[in-house]
Amino acid sequence: MCVVRPDVARFRGPHPEGVHAPPYKIKVVEPIALAPAERRQEAMAEAGYNTFLLRSDDVYVDLLTDSGTSAVSQEQRARMELGDEAYAGSRSFFRLERAVREVYGYKHTIPTHQGRGAEHLLSRVLVQPGMLVPSNLYFTTSRAHAELAGGIWVDVAIPEASDPESTHPFKGNIDVGKLEEILRADHHRVAFVRQEACLNMAGGQPFSIANLAEVRALTLDYGIPLMLDATRSSENALFVKRREEGYGRRSLADIVKLIADLSDGAIFSSKKDHFVPIGGLAAVNSDRLAEQLRELVVVYEGFPHYGGMSGAAMEALAQGIREAVDEPTVAHHVEQVAYLAHLLQDAGVPIVTPPGAHAVFLDAKRFLPHLPQEAFPAQALAAALYLAGGVRSMERGIVSGQHGHDPYDGLELVRLTLPRRVYTQEHLAYVAEVVVDVYAHARTVPGLRMTYEPPSLRFFQARFEPLGVFATI
Ligand code: P71
């Protein structure tokens, strides 16, 4: 089943198909320590029960995000020395452009400081007030930029995407019928169609090539641009290889390229699959669109030959893009996620199935059934995990999902996100023990009340107070 380079060791782990040993060894380490329980109580209160507001010194295992937190390779470090810091015409930019062309095939590369920089430019160019942006579920920053440009976000994910218990292998698929209805009725009002690889808000779930090809055909029929959020397209390609009929023998690089070929362009947060601490891209085929993006990049990010990145950062990114199609590297990350998911499932902990690309998502509604959604169960669970074992996770529920006071519905998840090439199996076993302990004491976890709500992207800086006492576990 798992076809990877034969020189990567495999052993029988708790995962039914076994797991691959890491295709790397560790050369540089960063010390971490578990703060005492009293300090964790204090730190959580200081942070207003929001894990985004914790200091990393107070965190033991940091599973907040896989964004910018992965380990760089020795090759990336070495190439950073070659960074050309020229303001314009930088050699490093041209190396980056070449890497994008070779791996993804897009003609134009517009670098940005990170993914949301690219989303900002793309929305400014393509979205006019009142226009629609149909997408498999929203991502927070993607939707925010489309809305800031006056657009209206329309989720057209298949219904399974919002069902944590569905085991559909491609929950990142678009509901083609729903999309077609929108295009038929309103195509002159559609800014672009967006399809996100390894759909973050659904639990890191892939789309199939068959689905992408259908979406592609529809957008071509109506002459609407199809833009990917290709931030995690490497893992999406791996799932295609392992789950979709007809792709098992194709190389990961081939499938990544095929995905890109089925679109007009993409935005990337390079802080994920590309293994860099900072950086992003808009990459497109249309000369006109590239010209419009370059007109804006100089206003918001920097000259088009660096777009907010240093020459060294562009060198690390060019190398990271090549590592993003190394199958053992991508497979190891996905299998680490599956390993953690397996430990939790074995203990009966409710998680989103199947496990996603970059994270295990706990289903807070089933984990804390005594808490109504008004009491922010996912936020409370994230606080409880930190208090119990210094494990930092991220709320992906009503706090992330809703602006203002819309009716409460939808997913209520806590994300345990695995940075790439950073934590060992022992760390993951530890995390599983912490989660299982909290699950055993789930009834003691109190709800929360929001005391400060920022007007935009509220989850980052919102503050809360507990409606009871968090027991010491
Ligand atoms: C993640 C992040 C980082 C993040 C962003 C917002 C709230 C919490 C955490 C960022 C993504 C992403 C996708 C699919 C665009 C961005 C923005 N993800 N698309 O998952 O996952 O990129 O952070 O580089 O600006 O923790 P950016």
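Remember, it's a predicted structure, so these values are computed and weren't measured experimentally. Counting starts at 1 for both ligands and their atoms, following the listed order.
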Visitor: Between ligand 1 and Gly115, is the shortest N or O to N or O distance under 3.5 Å?
Guide: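 Min N/O separation from ligand 1 is below 3.5 Å for Gly115.
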Visitor: Counting from 1, what ligand 1 atoms have a heavy atom of Phe460 closer than 4.0 Å?
Guide: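 Close to Phe460: 6 (C), 7 (C), 8 (C).
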Visitor: For the ring pair Phe470 and Tyr49, is the centre-to-centre distance below 6.0 Å?
Guide: yes
Visitor: Please identify which atoms of ligand 1 are closer than 4.0 Å to at least one heavy atom of Thr65.
Guide: 1 (C), 26 (O)
Visitor: Please answer whether the main-chain N or O of Gly172 pairs with a side-chain N or O of Glu196 as donor and acceptor at a distance below 3.5 Å.
Guide: no
Visitor: Among all protein heavy atoms, pick out the one at the shortest distance from atom 15 (C) of ligand 1; state its residue, atom name and that distance to 0.1 Å.
Guide: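 Sorting protein heavy atoms by distance from atom 15 (C) of ligand 1 puts Glu119 OE2, 3.1 Å first.
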Visitor: How close does the nearest protein non-hydrogen atom get to atom 24 (O) of ligand 1, and which residue and atom is it?
Guide: Ser269 OG, 2.7 Å
Visitor: Is any side-chain heavy atom of Tyr106 closer than 4.5 Å to one of Ser263?
Guide: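 Side-chain contact under 4.5 Å: yes.
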Visitor: I want to know if ligand 1 touches Arg396 in the polar sense, i.e. an N/O pair below 3.5 angstrom.
Guide: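 For ligand 1, there is no N or O atom that lies under 3.5 Å from one belonging to Arg396.
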Visitor: Can you tell me how far the CD atom of Glu119 sits from the CZ atom of Arg194, to the nearest 0.5 Å?
Guide: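 Reported to 0.5 Å precision, the distance equals 6.5 Å.
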Visitor: Could you check atom 13 (C) of ligand 1 against the protein and tell me its nearest heavy-atom contact, residue, atom and distance included?
Guide: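 For atom 13 (C) of ligand 1, the nearest protein heavy atom is Asp229 OD2, 3.4 Å.
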Visitor: If you count the atoms of ligand 1 from 1 in the order shown, which ones are under 4.0 Å from a heavy atom of Phe459?
Guide: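 With Phe459 as reference, the close atoms of ligand 1 come out as 7 (C), 8 (C).
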Visitor: Going by distance only, is there an N or O of Lys272 that falls short of 3.5 Å from an N or O of ligand 1?
Guide: yes
Visitor: Consider every N or O of Arg232 and every N or O of ligand 1, then say whether any pair is closer than 3.5 Å.
Guide: yes
Visitor: Starting from atom 11 (C) of ligand 1, what is the nearest protein heavy atom, named by residue and atom, and what distance separates them?
Guide: Phe139 CE2, 3.2 Å
Visitor: Give me the residue, atom name and distance of the protein heavy atom closest to atom 23 (O) of ligand 1.
Guide: Arg116 NH2, 2.9 Å
Visitor: Going by distance only, is there an N or O of Thr140 that falls short of 3.5 Å from an N or O of ligand 1?
Guide: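 It does not: no N or O of Thr140 is found under 3.5 Å from an N or O of ligand 1.
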Visitor: When you look for heavy atoms under 4.0 Å from ligand 1, do you find them on the side chain of Lys271, its backbone, both, or neither?
Guide: side chain
Visitor: When you compare ligand 1 with Arg415, is there at least one nitrogen or oxygen pair between them that comes in under 3.5 angstrom?
Guide: yes
Visitor: Is the count of non-hydrogen atoms from other residues, nucleotides or ligands lying under 6.0 Å from Arg77 atom CZ greater than 12?
Guide: no
Visitor: When you measure from the side chain of Glu395 to the backbone of Ser400, do you find a donor-acceptor pair of N or O atoms at a distance under 3.5 Å?
Guide: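 Side chain of Glu395 to backbone of Ser400, a donor-acceptor pair under 3.5 Å: yes, one is there.
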Visitor: Centroid-to-centroid, Tyr430 to Tyr60, below 6.0 Å?
Guide: yes
Visitor: Sub-3.5 Å donor-acceptor pair from the side chain of His427 to the main-chain atoms of Thr424, do we have one?
Guide: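 Yes, the answer is positive, given that a donor and an acceptor are paired below the 3.5 Å cut-off.
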Visitor: Regarding ligand 1, does Gln114 bring an N or O atom to under 3.5 Å of one of the ligand's N or O atoms?
Guide: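 Gln114 vs ligand 1: N/O contact under 3.5 Å present.
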Visitor: How close does the nearest protein non-hydrogen atom get to atom 17 (C) of ligand 1, and which residue and atom is it?
Guide: Thr141 OG1, 3.4 Å
Visitor: Between Glu196 and ligand 1, which part of the residue brings a heavy atom under 4.0 Å of the ligand: side chain, backbone, both or neither?
Guide: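 Glu196 to ligand 1: side-chain contact only, backbone stays beyond 4.0 Å.
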Visitor: Should Asn200 be counted as touching ligand 1, given the test is an N or O pair under 3.5 Å?
Guide: yes
Visitor: Under 3.5 Å between any N/O of Arg194 and any N/O of ligand 1: does that happen in this structure?
Guide: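 Between Arg194 and ligand 1 (N or O atoms, distance only) the closest approach is not under 3.5 Å.
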Visitor: Verify the ring-centre separation between Tyr87 and His305: is it less than 6.0 angstrom?
Guide: no
Visitor: Taking Asp264 for the side chain and Leu226 for the main chain, is one N or O donor matched with an acceptor at less than 3.5 Å?
Guide: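 Answer holds: yes.
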Visitor: Distance-only, no hydrogens or angles: does the Arg366 side chain make a donor-acceptor pair with backbone N or O of Pro350 under 3.5 Å?
Guide: no
Visitor: Would you please determine whether Met394 falls within less than 4.0 Å of ligand 1 on a heavy-atom basis?
Guide: yes
Visitor: May I ask you to decide if Thr51's main-chain N or O and Arg392's side chain share a donor-acceptor pair within less than 3.5 Å?
Guide: yes
Visitor: Check whether any side-chain N or O of Ser135 sits under 3.5 Å from a backbone N or O of Val193 as a donor-acceptor pair, and report yes or no.
Guide: no
